[in-house]
Each structure stands twice: as structure tokens, then as C-alpha cells.
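Before any comments, here is the structure.
Along the sequence shown, residues carry numbers from 1.
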Amino acid sequence: MPRAAWVLPYEIENSGGFRTVFQHIGCLLEHGYQCDVYAPADLKRTVERYFGVYGCRYFTGYRFRCRYDIVFATSWKTAEIVKKYPRAIKKAYFIQDFEASFYPLGTEYLSACNSYCQGLYPITIGRWLARKMIREYHASAQYFDFCADVQVYKNLWKKREKAVCFIYQPHKPRRCSEIGLRALEIVRSMRPDVKIYLYGSDRKPHIPFACEKLGCLSVRQCNALYNRCMVGLCISATNPSRIPFEMMAAGLPVVDVYLENNRYDMPQEGVLLAHYTPQSIAAALLTVLDDQKKAESMSQYGQRYMADRTLQHGYEQFYQAVTNILSDAEWTCREPDRVYETAPVYGEKIERQIPPEVLRRLNSSEINHTLAGTLKQVRLLRSSRILRCIYRQLRGY
């Protein structure tokens with residue numbers, strides 16, 4: 001029985017990335033591997049309950065118990081641990097994001113970049129990361145496609161509302177929540193009949209326009225939401241998220257930003273990529289909301305595109321990559337080409353249609369990250385006489 005070890009970082013969040021790791025551990029289990037998970041805490045109950053993955057052995061900490069055929073790093077903070085383990089026949093790097101971009105240019109950024117230079121075999125989710133590993137880090141990267149659980153994410157053939165759903169996760173800077181909210185404020189000001197749904201976080205900040213905050217949803221609740229709306233907004237400034245592909249599987253047209261990380265995995269027909277200004281993102285959303293034929297065409301294409309990109313398809317690609325590494329097979333390592341070649345959507349055409357008060361807020365960068373700004377946002381300065389006094393004192397300095 002071949003043995004694999006997976007090394008998880010200390011910063012474990014209940015996210016899609018966490019789910020993806022255990023889905024691929026499950027893939028190896030199904031192929032007869034013994035899989036050991038090394039993590040800072042005992043995850044057995046959580047994994048079995050939420051991800052349905054059974055049969056792993058779990059060890060707290062990073063003290064390896066035996067010799068492994070292959071050991072996987074799962075983040076830049078675990079790459080060094082894997083590199084130093086002498087009793088691993090092969091060492092791989094399961095890469096879901098360009099993690100260096102999570103930090104300002106400095107020590108952590110460069111340390112994360114250095115993790116790609118440790119001689120580990122990269123297996124990436126998506127084509128863009130594989131290209132980046134090949135071109136910038138001279139690593140023989142393999143990839144598996146962005147896929148979706150088509151048993152969950154599917155078109156329910158219900159009448160859709162004139163609505164936008166936005167994956168709102170302010171705790172993840174790469175989700176660009178502020179830019180997304182500004183774009184939605186423009187949409188709402190120009191089309192008051194459009195409903196806005198925010199989901200993905202239980203935080204409930206003050207939003208200057210009418211919207212419904214749904215909080216964290218289960219996968220089936222997400223699919224129901226995708227079937228309720230006419231367009232989905234998901235912004236990811238590093239690697240693409242899996243969410244746009246799940247939206248497409250549900251027949252929901254998608255808007256994201258026109259960055260290199262999205263142009264290697266996003267199809268041209270089911271997605272609109274907009275320049276990364278609120279006005280441009282709003283223009284892309286309005287393009288779908290105002291053009292029924294465009295929306296229907298995008299919906300149909302997205303479903304066709306995702307029909308063959310099942311989870312099993314991705315697992316087969318991943319398993320083949322692992323097999324290549326273990327067998328020392330000669331595999332073709334080519335830089336993937338761009339998939340999305342259409343020009344970005346720009347927002348100049350709608351600039352004059354934006355109400356002046358909304359435009360003033362956009363131009364004044366009104367979102368304030370100071371302590372006082374945060375207190376204002378949650379309305380504590382209005383409700384607390386003591387805090388108002390402190391605020392006035394601070395403004396005097």
C-alpha cells in the first residue's frame with residue numbers, strides 16, 4: 001500500500017481551500033493509498049462531519065511517524081517542513097493560490113516566493129499557477145482544472161430574480177470586498193429594482209445601499225442562490241476562485257476582474273472580465289442585467305463548459321500528476337496558453353449616469369480603515385457618548 005502524508009499549516013480556516021485539500025486526500029484514499037494528515041490540531045471529527053472523508057490517520061504537530069512514498073506541502077509555511085524530511089521518496093507541493101500575494105512586499109512575501117524554490121513538485125489548481133511556476137520558478141508544474149460538483153451545482157430551471165449575488169468576504173483581502181461593494185452601490189443607484197445578495201461571511205457591516213446579508217451558506221444553499229439571481233459577482237485578485245465555476249455549473253453568468261490570474265482559466269463566453277474599477281465592474285453587471293439574450297447565452301455556455309468538468313475529472317488529472325511524480329515519468333511541461341482573450345469591460349459609458357452623491361462617495365474613498373472609521377461603520381460613535389468624546393479628543397491632536 002503506497003503511503004502519502006499531507007502537512008497542513010497552523011492557519012486553518014474553514015474555507016474552500018481546506019475542502020479542496022481533503023477532497024484530494026479522498027481521491028488518494030480511493031486509489032488505495034494510506035493517507036496521514038499532520039496538522040496543528042485533531043481534525044478527524046471536523047473532516048468526517050463536513051467533508052465526508054474517512055480513513056485518514058491524524059497526527060497533531062509535525063513529527064513524522066514513518067517513511068512515505070510522497071509528502072505534500074499545502075502552504076508556503078509547510079514547504080520547508082516537507083523539504084527537510086529525509087524519509088520521503090517524493091516531495092510535492094499542492095498549490096491553490098499564489099500565497100505571496102497575501103502579503104505586502106516584504107519578508108513574508110519573499111519567504112512565500114522562496115517556498116516555490118525548494119525543489120518540491122508543484123501540482124496546482126488551474127493553469128495560471130502552473131504557468132507561473134514554470135516561467136518564474138523553473139519548476140516542472142502539473143495542474144488540474146477548476147471543476148464543480150455537478151450533483152450539487154446545477155440549473156434548477158426556476159424563474160430568476162433581477163438580482164446580483166456577491167461573495168462578500170472582507171476577512172480575505174484578495175476578495176476585494178470594498179471594490180465589489182462600490183460597484184454594487186453604482187448598480188443599485190442606477191437600477192433601484194435590482195436586488196443585491198451578500199453571502200460568504202457572517203460579518204454584518206453598515207452598507208450604504210439596500211441589500212440582503214445571507215451570511216455563510218451551505219453548498220446547497222449556494223446553488224439555490226445561484227438559481228435565484230441573474231448574475232454573480234466573484235472577485236479574486238490572486239488565483240481564480242472555484243466559485244465562478246460553480247456559478248456557471250448552476251447556469252449563472254459571472255463577472256470577475258480582468259487580471260492575468262483569471263485569463264488562463266476563465267472561458268470567454270460564460271464570464272465577463274471587467275477592468276478593476278467599481279465603474280467597470282458595475283458596467284459588466286449591468287450588461288448582463290439589461291440584456292436578456294446576453295444573459296441567456298452566457299448561462300447556456302457556462303453549463304455546457306462545466307458539463308465535463310466534474311469533480312471526478314479533476315481527481316483523475318490530480319491522480320495522473322501524482323502517478324507521474326512517483327514513476328519518474330517524462331511528462332510534457334508546457335506553459336499553458338491564455339483562454340480568455342476578449343477585451344475587458346470598461347466603465348466610461350456609465351460614468352455620466354451615476355448619481356452625483358454616489359460618484360462623490362466613490363471619488364472620496366470614503367471607506368476608512370482607522371479605528372474611528374471602523375467605529376463609525378458599525379455606528380458605535382453614534383450610540384456611545386463616551387466614544388464620541390474620545391473621538392473628538394483624538395481629532396484635536
- Query: Which side chain to side chain donor-acceptor pair (under 3.5 Å) pairs, counting each pair once, include a residue from residues 123-134, with sequence neighbours left out?
  - Reply: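 Non-adjacent pairs meeting side chain to side chain donor-acceptor pair (under 3.5 Å): Arg127-Tyr143, Arg131-Tyr264, Lys132-Glu136.
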- Task: If a pair satisfies side chain to side chain donor-acceptor pair (under 3.5 Å) and one of its residues is in residues 98-114, list it, with sequence neighbours excluded.
- Result: Trp76-Tyr103
- Query: Quick check, are the ring centers of His24 and Phe72 under 6.0 angstrom apart?
  - Reply: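 Centroid distance His24-Phe72: not below 6.0 Å, so no.
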- Query: With a 6.0 Å cut-off on ring centres, are Phe245 and Tyr153 close enough?
  - Reply: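 No, the ring of Phe245 stays outside the 6.0 Å limit from the ring of Tyr153, centre to centre.
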- Task: Under the side chain to side chain contact (heavy atoms under 4.5 Å, CB included) rule, what do Ile125 and Phe144 come out as? Steps first, then yes or no, please.
- Result: CA-CA 5 Å; Ile125 179 168; Phe144 56 95; 3.7 Å; yes
Please check: side-chain N/O of [X] versus main-chain N/O of [Y], any donor-acceptor pairing under 3.5 Å?
{"X": "Asp69", "Y": "Arg3", "result": "yes"}
{"X": "Arg174", "Y": "Ser236", "result": "no"}
{"X": "Gln268", "Y": "Glu341", "result": "yes"}
{"X": "Asn239", "Y": "Gln96", "result": "yes"}
{"X": "Arg263", "Y": "Tyr258", "result": "no"}
{"X": "Glu185", "Y": "Phe209", "result": "no"}
{"X": "Asn262", "Y": "Val257", "result": "yes"}
{"X": "Thr277", "Y": "Ser280", "result": "yes"}
{"X": "Asn227", "Y": "Leu156", "result": "yes"}
{"X": "Tyr340", "Y": "Leu273", "result": "yes"}

- Decide side chain to side chain contact (heavy atoms under 4.5 Å, CB included) for Cys56 and Ile25; before the verdict, give the C-alpha distance in whole Å, the side-chain angles of both, and the deciding distance to 0.1 Å. CA-CA 8 Å; Cys56 296; Ile25 291 175; 3.4 Å; yes
- Task: State which residues pass side chain to side chain contact (heavy atoms under 4.5 Å, CB included) with Glu357; sequence neighbours excluded, sorted by chain then number.
- Result: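 By the side chain to side chain contact (heavy atoms under 4.5 Å, CB included) rule, Glu357 matches Pro355, Arg360.
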- Task: Answer yes or no on whether Arg228 is positioned over the face of Tyr197, meaning its NZ or CZ is under 6.0 Å from the six-membered ring centre and within 45° of the axis.
- Result: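 Yes, a cation-pi geometry.
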- Establish, yes or no, whether the cationic atom of Arg57 lies under 6.0 Å from the six-membered ring centre of Phe59 and within 45° of the ring axis. no
Inspect the surroundings of [atom1] in [X] and state if more than 12 heavy atoms from other residues, nucleotides or ligands are less than 6.0 Å away.
{"X": "Lys84", "atom1": "NZ", "result": "no"}
{"X": "Lys195", "atom1": "NZ", "result": "no"}
{"X": "Lys44", "atom1": "NZ", "result": "no"}

- Is any side-chain heavy atom of Pro40 less than 4.5 Å from a side-chain heavy atom of Tyr62? yes
- Query: Are the side chains of Leu252 and Arg160 in touch, meaning some heavy atoms are under 4.5 Å apart?
  - Reply: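 Result yes, sub-4.5 Å side-chain heavy-atom pair found.
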- Item | Residues Asp193, Lys162: salt bridge by 4.0 Å N-O rule |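 Salt bridge: yes.
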- In terms of ring plane angle, is the pair Tyr319 and Tyr33 parallel, tilted or perpendicular, where the classes change at 30° and 60°?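 Aromatic pair Tyr319/Tyr33 classed perpendicular.
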